[in-house]
Protein chains: 2
Amino acid sequence: MGTAVGGGRSVPRYVQIADEIVQQIRAGVLKPGDMVPSESELVDRYGVAGGTIRKAMVEVRASGLVETRHGKGSLVKARPPVRHRSSDRFRRSHRKGGKAAYLAESEQAGATAKVSVLFIGPADAPGDVAERLGVDAGDKVLARRRLYFRNGTPVETATSYLPWDVVKDIPELFSENPGPGGIYARLEDDGHVFAEFVETLQARPASKAESSELALSPGAPVVHLIRDAVTEEGRVVEVCDTLMAADQFVFSYRIPAAD
Amino acid sequence: MGTAVGGGRSVPRYVQIADEIVQQIRAGVLKPGDMVPSESELVDRYGVAGGTIRKAMVEVRASGLVETRHGKGSLVKARPPVRHRSSDRFRRSHRKGGKAAYLAESEQAGATAKVSVLFIGPADAPGDVAERLGVDAGDKVLARRRLYFRNGTPVETATSYLPWDVVKDIPELFSENPGPGGIYARLEDDGHVFAEFVETLQARPASKAESSELALSPGAPVVHLIRDAVTEEGRVVEVCDTLMAADQFVFSYRIPAAD
DNA sequence: TAGTGGTCTAGACCACCCC
DNA sequence: GGGTGGTCTAGACCACTAA
């Protein structure tokens, strides 16, 4: 049983240890791809109890520099170049180039990107989505749900909702690959000219289900982004509901200095 | 010493307990303002060891529904109405109304707002800020650091950096209250007409220091926002570095559908 | 099968808060 | 002083992973 030295120090031992490990990573003593010493080895090295090392490793994980897997150990992550998600990516000139926004951005960053389509088909509009689309809750809409990978790991899930009367005559929207420029190009081909996009973001800790879908440590932050695509007639013809691993993205927006 | 029942259950006991407590809050059994039962009481109620309750409470805190203070206990938080931080708040017409952006938004939301100025004065430009301002790292700039409160709790720290040659002839910028419309109005009065603002956001877990400054549970997500204020001459005359409690804000941006 | 992380116990001491 | 949360111990058992 513990002789309990007590927690009297101003800065707790487990924080000190966590900081030391994080510093070793930042300083390059532990390089990406290296394994962090096992917990029992750290117990010996620091001369503390297992629980203390355990708490320290929780802190280290929270720094996002390390990935822990159960029977294996903790791996120093290759600092993934974050994807810069700029508001400029909706420019028509990017679409005319034939690429969807995500592909252009990924190539720019020199990363391997993959999209896996999880579902395309009719669905009942969820309440908040229906409100944004200006239809009744439960009305039939087209849902397009997909999972984005980056360098092999899932980083983002996205579901687009489109009113049925908008999509029913555009067969490409029911296809996994809607063609050059993506679904926005098809919508503009069909006469739905966009005036603006409105993005709403909120960051919060991932739920258990979300953290497993995005392969995150439980409680790691995610960004919930909802985008309304508004046409020149003022109609919202698409709502895109997106969940992203927060450590994988930087968002940037240009705001004109309007009167 | 423990007879160690072991952690064999598929869903750990501490998660079960945490979920139960969270459900009690969501269902209104525990109302805002109530105290969560003390840890020792929970130990008796659930018949588990203190450490298990402790881990459960860490989970509960991560939900953001509860605020724990050392010698007191855990208080069920009044679900604060989030502040909607819209990109429209930089419109000149809002400034002409005489109010700074944050005040207008807070009043709109019916919340009490307070700003505490922590520092105004010359400072050496940090590297990344210097780069954005187009000056050398370490050059003298004006720093304005402030802490924003909402209903009595700190929700945001912000530091503005302005090049010295821009501010040296605008005495109001050295004052705690720069007058109607805030510092942007003073800058435009002085001939620095804004063309656009560029905001860059990233969400991540709070560090220990940050979580104490913003009265957050350690590891709760924060949003790091950096804004460049760009004039019509293309010069960045202000960089504002902001750290926000993620659960207190929703961000929204309008993106014109440009060519 | 050996090693690793994950869960749990029972008990100690400390620091903070309020009466 | 009595209660509350925060840190720490020493040891047990379990689940996952890889040789």
Side-chain angles (χ1 to χ4, degrees), chain A residues 1-19 21 30 34-62 66-77 208 211-212 215-219, chain B residues 1-19 21 30 34-62 66-77 208 211-212 215-219:
Chain A
M1 184 185 314
T3 325
V5 180
R9 286 156 202 78
S10 50
V11 42
R13 192 86 180 93
Y14 76 92
V15 175
Q16 297 176 22
I17 294 171
D19 284 348
I21 296 171
L30 290 168
D34 288 356
M35 297 297 286
V36 177
S38 77
E39 297 192 355
S40 52
E41 194 176 329
L42 293 171
V43 165
D44 294 343
R45 183 177 304 183
Y46 288 100
V48 296
T52 304
I53 292 296
R54 191 122 261 286
K55 277 187 91 172
M57 287 308 297
V58 170
E59 295 292 307
V60 173
R61 276 191 279 279
V66 129
E67 186 189 335
T68 300
R69 265 180 302 190
H70 195 139
K72 287 191 64 177
S74 290
L75 188 80
V76 178
K77 277 204 284 195
K208 284 267 187 264
S211 62
S212 80
L216 294 172
S217 320
Chain B
M1 185 184 312
T3 325
V5 181
R9 287 155 201 78
S10 50
V11 44
R13 191 85 179 94
Y14 75 92
V15 174
Q16 297 176 22
I17 294 171
D19 284 348
I21 295 171
L30 290 168
D34 289 355
M35 297 297 288
V36 177
S38 77
E39 298 191 355
S40 52
E41 194 175 330
L42 293 171
V43 165
D44 295 344
R45 184 178 305 182
Y46 288 101
V48 296
T52 304
I53 292 297
R54 192 124 261 285
K55 277 188 91 172
M57 287 307 297
V58 170
E59 295 293 306
V60 173
R61 276 192 280 278
V66 129
E67 185 189 334
T68 301
R69 264 180 302 190
H70 195 139
K72 286 192 65 177
S74 291
L75 188 81
V76 179
K77 278 204 285 194
K208 278 271 189 272
S211 62
S212 79
L216 295 172
S217 324

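Naming convention: chains lettered A, B, ... in sequence-line order (proteins, then strands); numbering from 1 in each chain.
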Return the value, rounded to whole Å, for the distance between atom [atom1] of [X] and atom [atom2] of [N].
X       : N      : atom1 : atom2 : result
A/Glu67 : D/dT17 : CD    : P     : 12 Å
A/Glu41 : C/dT4  : CD    : C1'   : 12 Å
A/His70 : D/dC14 : NE2   : P     : 13 Å
A/Glu39 : C/dT7  : CD    : C1'   : 12 Å
B/Arg13 : C/dT9  : CZ    : P     : 9 Å
A/Leu42 : D/dC8  : CG    : P     : 15 Å
B/Leu75 : C/dC17 : CG    : P     : 15 Å
A/Glu59 : D/dC8  : CD    : C1'   : 15 Å

Taking the side chain as every heavy atom from C-beta outward, state whether [X] and [Y] have any atom pair closer than 4.5 Å.
X       : Y       : result
B/Val60 : B/Val36 : no
A/Val48 : A/Ile17 : yes
B/Ile21 : B/Glu59 : no

- Do A/Thr68 and A/Arg61 get their side chains close enough for a donor-acceptor pair, meaning under 3.5 Å?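 Per modelled atom types, A/Thr68 and A/Arg61 side chains form a pair under 3.5 Å.
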- Nucleic acid contacts of residues 43-55 of chain B, taken as heavy-atom distances under 4.0 Å to DNA chain C: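 The answer is B/Val48, B/Ala49, B/Thr52, B/Lys55.
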Under 4.0 angstrom between [X] side-chain N/O and [N] OP1 or OP2:
X       : N     : result
A/Tyr14 : D/dC8 : no
B/Lys72 : D/dG5 : no
A/Ser38 : C/dT4 : yes
B/Ser40 : D/dT4 : yes
B/Arg61 : D/dG6 : yes

- For the student: nearest non-hydrogen atoms of A/Leu75 and A/Met35, plus distance: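 Closest pair (atom of A/Leu75, atom of A/Met35, distance): CD1-SD, 3.5 Å.
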- Item | Main-chain N/O of A/Arg54 paired to A/Glu39 side chain as donor or acceptor, under 3.5 Å |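 Flag not set: sc A/Glu39 to bb A/Arg54 has no pair under 3.5 Å.
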- Item | A/Ile53 CD1 to A/Asp44 CG distance, which is reported to the nearest 0.5 Å |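 Reported value, rounded in 0.5 Å steps: 9.5 Å.
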